[in-house]
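Order of appearance sets the numbers: ligands from 1, and atoms from 1 within every ligand. As a basis for the values below, the full set of heavy atoms in this structure was taken, side chains included, without hydrogen atoms, waters or symmetry mates. All figures in this text were calculated on a predicted structure; none of them were measured in a lab.
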Amino acid sequence: MTTDTLAMEIKRVEASRIHEVDFDNLVFGRHYSDHMFVADYINGEWTNLQIVPYANLSLSPATAALHYGQAIFEGMKAYKNEAGEPLMFRPLDNWARFNKSAARMCMPEVPEEIFMGGLTELLRTDAAWIPTTPDSSLYIRPYMFSTDAYIGVKPSDTYKFIIFTGPVGKYYSKPPRVKVEQHYIRAAEGGVGAAKCAGNYGGSLYPARLAQQQGYDQIIWTDARDHAFVEESGTMNVMFVIDGKLITPATSDTILNGITRNSIVDIAHHWNMPVEERKVSVKEVIDALKEGRLEAAFGAGTAVVVSPFGVIGFEGTDYELPAVTEGSFASRVKDFLTDIRTGKTEDPFGWVVKA
Ligand code: COI
């Protein structure tokens, strides 16, 4: 069985909803394309592979995922090249990370041909939904959750794997104001911080709400032990340009292995820019800010792409960040990534895959 010979049933919508969407004013996460890919894990194997109209699910109130959180996901994006062909960005990296999350959460792996076959067929089916306006893309959400109707605490025997998509615009409409969090934590060593599991996001909401009440948009998490080192931000990895070097926390047990992050690191190497992946102390960042040595601090992620921070709040002081100029690393790397993803420039890394 390969991606192209994967047996799946395809049930198409009778009437597309695409005309209901204002493609010139896309917001993040509000519109969903016509179809979704669905597969069930039953009796130790993936079965019922289908593309069906995007619709509500019917679940038992005892569905295990709703109680004990065996739920993981990925965030990916598709673009179109000038010939109108759907392009995926590093999909196998998302597939590999998805299966790492699955292993950590005691869930079954999704074989490559099911992940890639379902994704490819879905993108071909809903290709018309891939936007081409600036800063827009088709967001792709693969996810898996446990479906046993059983409330004893144990790994479920059954699971659902779904991929749906939706056209999106920018995640942040203006540079986010971020606060260095020194009380609450996102992840501790030995925990599930490196897994893209639903609970990591659920647990972040309360501290994020408190920060929002203080006028911030997002949190920069620090390490659970000392709150001295930068980890990641709510929906993204964090990166700094200090003294002409790209500096970012090394990924670990507590930090998500971000695909946009890794791509930016690779591009910086490709441009012969010094790169340091290591522990990054909050003090080092604040000192560099105070001394005018910090050129940029930004979030990197599929949803946010490259999002320069407007303000970093630390111990009650708001530090304004320098405005991003056209020739700066943050803006050049964002443009280069966009050009690679949309097929406008040659992809020297082999990251782009046609659907
Ligand atoms: C992504 O960048 O795709 C993510 O998964 C973040 C999401 C929670 C908005």
Does the plane of the ring in [X] sit parallel, tilted or perpendicular to the ring in [Y]? Use 30° and 60° as the thresholds.
{"X": "Phe98", "Y": "Phe115", "answer": "tilted"}
{"X": "Tyr32", "Y": "Tyr54", "answer": "parallel"}
{"X": "His270", "Y": "Phe336", "answer": "parallel"}

Considering only the protein, which heavy-atom contact is closest to [atom], and what is its distance?
{"atom": "atom 6 (C) of ligand 1", "result": "Thr235 O, 3.9 Å"}
{"atom": "atom 8 (C) of ligand 1", "result": "Tyr201 CE2, 3.6 Å"}
{"atom": "atom 3 (O) of ligand 1", "result": "Tyr139 OH, 2.5 Å"}
{"atom": "atom 2 (O) of ligand 1", "result": "Ala303 N, 2.8 Å"}
{"atom": "atom 7 (C) of ligand 1", "result": "Arg141 NH2, 3.9 Å"}

Query raised in the report: Does NZ or CZ of Arg341 come closer than 6.0 Å to the centre of the six-membered ring of Trp351, within 45° of the ring's axis?
Result: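 Not flagged: Arg341 not positioned over aromatic ring of Trp351.
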Query - Short side-chain donor-acceptor distance under 3.5 Å, Glu231 and Thr254 - result: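 Yes - a donor-acceptor pair under 3.5 Å links their side chains.
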Requested in this report: Please check if any side-chain donor atom of Thr47 sits under 3.5 Å from a side-chain acceptor atom of Asp40, or the reverse.
Outcome: no
**Report entry** Min heavy-atom dist Lys196 to ligand 1 below 4.0 Å
**Finding:** yes
Distance filter under 4.0 Å to [X] heavy atoms, resulting ligand 1 atoms:
{"X": "Thr302", "value": "1 (C), 2 (O), 3 (O)"}
{"X": "Gly75", "value": "3 (O)"}
{"X": "Phe73", "value": "5 (O)"}

**Report entry** Hydrophobic cluster membership, Leu6 vs Ile10, 4.5 Å side-chain cutoff
**Finding:**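 As far as the 4.5 Å side-chain criterion goes, Ile10 and Leu6 are connected within one cluster.
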